[in-house]
Protein chains: 2
Amino acid sequence: MDKAMAEGGRARRVTMLDVAEAAGVSYQTVSRVINHHPSVKPETRARVLDLIQQLNYRPDRAARSLAAHRSWTLAVISCGIEFYGPMQMLINIEHSARVAGYDVLNANLGLHQEVSLHSALDRLFSWRVDGALLIASVAAQSAEHVIEQLSGAPLILIDTAYGSSAPSVIIDQHAGGVAAARHLVDLGHRDIALICGPDDWYGALTRREGWIAGLRDAGITPALIEAGDWTPASGYQAATRILDADVRCTGLLVGNDAMALGAISAMKARGLAVPGDVSVTGFDDMPESAYFDPPLTTVAQDFPELGRQGMAYLIDLIGDPEAANGQRLIPPRLVVRASTAACA
Amino acid sequence: MDKAMAEGGRARRVTMLDVAEAAGVSYQTVSRVINHHPSVKPETRARVLDLIQQLNYRPDRAARSLAAHRSWTLAVISCGIEFYGPMQMLINIEHSARVAGYDVLNANLGLHQEVSLHSALDRLFSWRVDGALLIASVAAQSAEHVIEQLSGAPLILIDTAYGSSAPSVIIDQHAGGVAAARHLVDLGHRDIALICGPDDWYGALTRREGWIAGLRDAGITPALIEAGDWTPASGYQAATRILDADVRCTGLLVGNDAMALGAISAMKARGLAVPGDVSVTGFDDMPESAYFDPPLTTVAQDFPELGRQGMAYLIDLIGDPEAANGQRLIPPRLVVRASTAACA
DNA sequence: AGGCAAAATGTGAAGGTTCACATGCCGCCC
DNA sequence: GGGCGGCATGTGAACCTTCACATTTTGCCT
């Protein structure tokens, strides 16, 4: 009968001591091998490694965390991951973390903070996470609160307020907004309406400010400003409100691609052609957007890169807490397709 | 100076002992309070609870796992979460787990198993997870391998092979496929082509089988079978191949909504009307699909429910390993919109 | 050859919790 | 009123690792 089977039949966990014994060394030597400590004789290391393999030994992370006062685990607090952007960030955050040897514990707060930040932190903090990354797309989350709870562990904000001085990485959505607005202006449009995202999203605000700044440069003020909740349905409704309002409008700046899809659908339902009667821009450049009818002019955001850079920044900070140097910006890119055309 | 600040300034962790001392009880009593043990005098419990609050004490999960041989953590192994369905599952799995008091450690294998199942398991297993849930959409993952590694912890499969006898939950995509096919047949279509998902996805296979079964009932065999990789771009290409082939085709069954979008785009590019010349169905019912042009007839899958039921099943199994009773099915729902019409 | 630094390895303690068991106390029954 | 069962609480050990330090071995210099 296998020695690893204790009485009762329940498999006993293979421990460092088992390996040590089998290899004829002390447990400390095994520990050193695991942790890549330099001063282990190559021969010994090989023997231990071999036994680890044979016995299928895996270090116990709980015991490790307890003894070492660190967990090789990072917390990611997220919200709105049902949307394209945050999701892309999350996937790439996790991947980058893994590559760097960290595990990720994810707390998703839900769209409307159904899960309180406090309870999420309670959970995460009890794991002694080595650092945290907050997808702070929504304004309600107080970063200060997070910092306090982390008691010293570094924190990075992603997709947060434009111009924040906290260690953070964002896509320069202001520049993206300016580019989209300027694009319409360059096409000769003067009567332009906006469909923003929800007010409590930093991104929605920054995009709007970018649009308005871009229009102001050309001496234009928006004909009308509506808002949606990022969904196609809300884009449809917002566009309908704009059409119902008695304002001339040949250009429409929309806060994301999904709402733009809804808006275009609403236009068509009223017999308006896109871009014949109204030019429409989106924001995000999701994979679907190039296949809309018409293919959507939009502002591409490199969400994966945002995730990667956020994690890179965090790992920098874990290595050297003094490495914090404010906000890092990732440039967006205007992608011109067929949903915009010269003003008739 | 705060007692919690040890020499050096680094904050010392508040432990059970601190609480015990402050409350004038033994550490064991504090432990009992935390674990809701019945035999603690209400008065004592209140005092301890109060001190926990005051000292901002949080049990250390590493120490807990170590001592209790369980972690209140569940592993979720996923792949393809860049797609709508798997992502929805994941979000709801996590949420259900949280509600049930578990944390979730996520290992995303990437679309093409860039991260090997083996290494993912290594990581997860080292946490002594109490159970695991595998989003087994892709065939390459060997569930047996997972089970072996878990050494006894229960495992649930989600979105896996139709008819698998392992504890699993899937959406009845076969029925969905039959419904979509029958819908086209009922509209009078006889010349029908298919655009499947990738062959290594169980869902792609099952949908195809459903379609073919539905068509066979009407004495029809598919005019042509193409495949894509779920993306709109691949749908566009697959549809182009079908148009290039010299076969008559008035109906198109597509494996998901994103590819259907691409396919419709390809049709239009060739001057074909949807549904005038060709009727198209999708699969999934993403939020965008109702706003496509034309709004897409599709098969709605309740991914959130899939996630929830998967987690419920897993928690059942953790409570009672004998509760395993094979595969559970969730019915899909045909959503008829404007992309399908009677055959001319 | 003697001695000394560096390399290689070992030892004891600590980390924060739970488990199994021991203790003290109360009320209750006959 | 002696004993007994249940509740409330406490004690010692165990979980598996890392850390700090002690010890042994090796290699090299003079």
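Here is how names work: the chains are called A, B, and so on, in the same order as the sequence lines, proteins then strands, and each is numbered from 1.
Among the protein residues, A/Ser65 comes within range of no part of the nucleic acid, since none of its heavy atoms lies under 4.0 Å from any strand. In this structure, A/Arg61 reaches neither bases nor backbone, as no heavy-atom distance under 4.0 Å exists between it and the strands shown.
Remark: A/Arg128 is not in phosphate contact with C/dG15, judged by side-chain N or O atoms under 4.0 Å from OP1 or OP2. The phosphate of D/dT17 (OP1 or OP2) has a side-chain N or O of A/Tyr57 nearer than 4.0 angstrom. The side chain of B/Thr29 places an N or O atom within less than 4.0 Å of a non-bridging phosphate oxygen (OP1 or OP2) of D/dG10.
One atom, CG of B/Asn35, and another, P of C/dA20, lie 13 Å apart when rounded to the nearest Å. With rounding to whole Å, A/Met16 atom CE is found 13 Å from C/dT9 atom C1'. If you take CD of A/Glu43 and P of D/dT26, they are 11 Å apart, rounded to a whole angstrom. For the pair B/Lys41 NZ and C/dG27 P, the computed distance is 11 Å after rounding to whole Å. One can place NE2 of A/His37 at 14 Å from P of C/dA6, the figure rounded to the nearest angstrom. The nearest whole Å value for the distance from the CD atom in B/Gln28 to the P atom in C/dG24 is 17 Å. When rounded to the nearest whole Å, the span between CG of B/Asp60 and P of D/dC16 equals 16 Å. The nearest whole Å value for the distance from the CG atom in B/Leu17 to the C1' atom in D/dT11 is 13 Å.
Set against D/dC19, D/dT17, D/dC15, the side chain of A/Ala68 has D/dC19 as its closest nucleotide. Nearest to the side-chain atoms of B/Ser31 among the listed nucleotides D/dT17, D/dG10, C/dT18 stands C/dT18. Distance from the side chain of A/Ser39 is smallest for C/dT9 among the nucleotides C/dT9, C/dA20, C/dG10. In this structure, of D/dG12, C/dT17, C/dT11, it is C/dT17 that holds the atom nearest to the side chain of B/Ala67. For B/Tyr27, the side-chain atoms get nearest to D/dA13 when compared with the rest of D/dC16, C/dT9, D/dA13.
For the pair B/Leu66 and B/Val25, nearest-nucleotide mapping onto DNA chain D gives the more 5' position to B/Val25. Closest-nucleotide positions on DNA chain D for A/Ile34 and B/Arg32 were compared, and the one nearer the 5' end corresponds to B/Arg32.
Between the side chain of A/Gln327 and the backbone N or O of A/Ala161, at least one donor-acceptor pair lies under 3.5 Å. Side-chain atoms of B/Asp60 come within 3.5 Å of backbone atoms of B/Ala62 as a donor-acceptor pair (strictly under, hydrogens ignored).
The minimum heavy-atom distance linking B/Pro86 with B/Cys79 is given by the pair CB-O, 3.9 Å.
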Report the C-alpha separation of A/Asp130 and A/Leu74 in whole Å, then their side-chain angles, then the decisive distance to 0.1 Å, and conclude whether the side-chain contact (heavy atoms from CB on, under 4.5 Å) test is met. CA-CA 6 Å; A/Asp130 297 342; A/Leu74 268 19; 3.9 Å; yes

Go through it in stages, so that I can follow the logic: the residues are B/Asn35 and B/Arg64, the test is side-chain contact (heavy atoms from CB on, under 4.5 Å), and I'd like the CA-CA distance, side-chain angles, deciding distance and then a yes or no. CA-CA 11 Å; B/Asn35 293 294; B/Arg64 261 186 131 167; 2.9 Å; yes

